[in-house]
Amino acid sequence: MGLDIRLPIGSMFVFVGILLTSYGAARPQHSLSIGVNINLTWGIVLLVFGAVIVLLARRGSRVLKDLPASRLDHADPQRGH
């Protein structure tokens, strides 16, 4: 089965990271907690995490394309494995 959920999940993290980063940068006085701009900080963290997930998803899809079809078949229903 060719379902890879890393790309949509990583894209979601990137999108939320962009929203939080832009909100934290636009309204820094509303996002302060103990002197730290929480929205800006966590927006950057989510942005970086999402970018890593998207890069891993693209790298993984390239690796799967390069594998021969015989290695992609994990279970052969005729052999019972």
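We use all heavy atoms of the structure for the numbers below, so side chains are in, but hydrogens, waters and symmetry mates are not.
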Establish whether Ile5 and Phe49 are linked, either directly or via other cluster members, by ILVMFWY side-chain heavy-atom contacts under 4.5 Å.
yes
Residue pair Leu56 / Arg6: nearest heavy atoms and the distance that separates them
O-NH1, 3.7 Å
Just verifying a value: how many Å separate Asn39 CG and Leu46 CG, rounded to the nearest 0.5 Å?
10.5 Å
Check the hydrophobic clustering (I, L, V, M, F, W, Y; side-chain heavy atoms under 4.5 Å; chains of links allowed) and say if Ile38 and Tyr23 are grouped together.
no
Cluster check Ile9, Leu47: I/L/V/M/F/W/Y, side chain < 4.5 angstrom:
no
Please tell me if the side chains of Leu40 and Pro28 come closer than 4.5 Å, counting only heavy atoms from C-beta onward.
no
Under 3.5 Å, which donor-acceptor pairs do the side chains of residues 12-22 form with other protein atoms, sequence neighbours left out?
| from | atom 1 | to | atom 2 | distance (Å) |
| --- | --- | --- | --- | --- |
| Thr21 | OG1 | Gly17 | O | 2.7 |
| Thr21 | OG1 | Gly43 | O | 3.3 |
| Thr21 | OG1 | Ile44 | N | 3.3 |
| Ser22 | OG | Ile18 | O | 3.0 |
| Ser22 | OG | Leu19 | O | 2.9 |

Same hydrophobic cluster for Leu55 and Val48, using side-chain heavy-atom links shorter than 4.5 Å among ILVMFWY?
no
Expected output: side-chain Asn37 to main-chain Gly24 donor-acceptor under 3.5 Å
yes
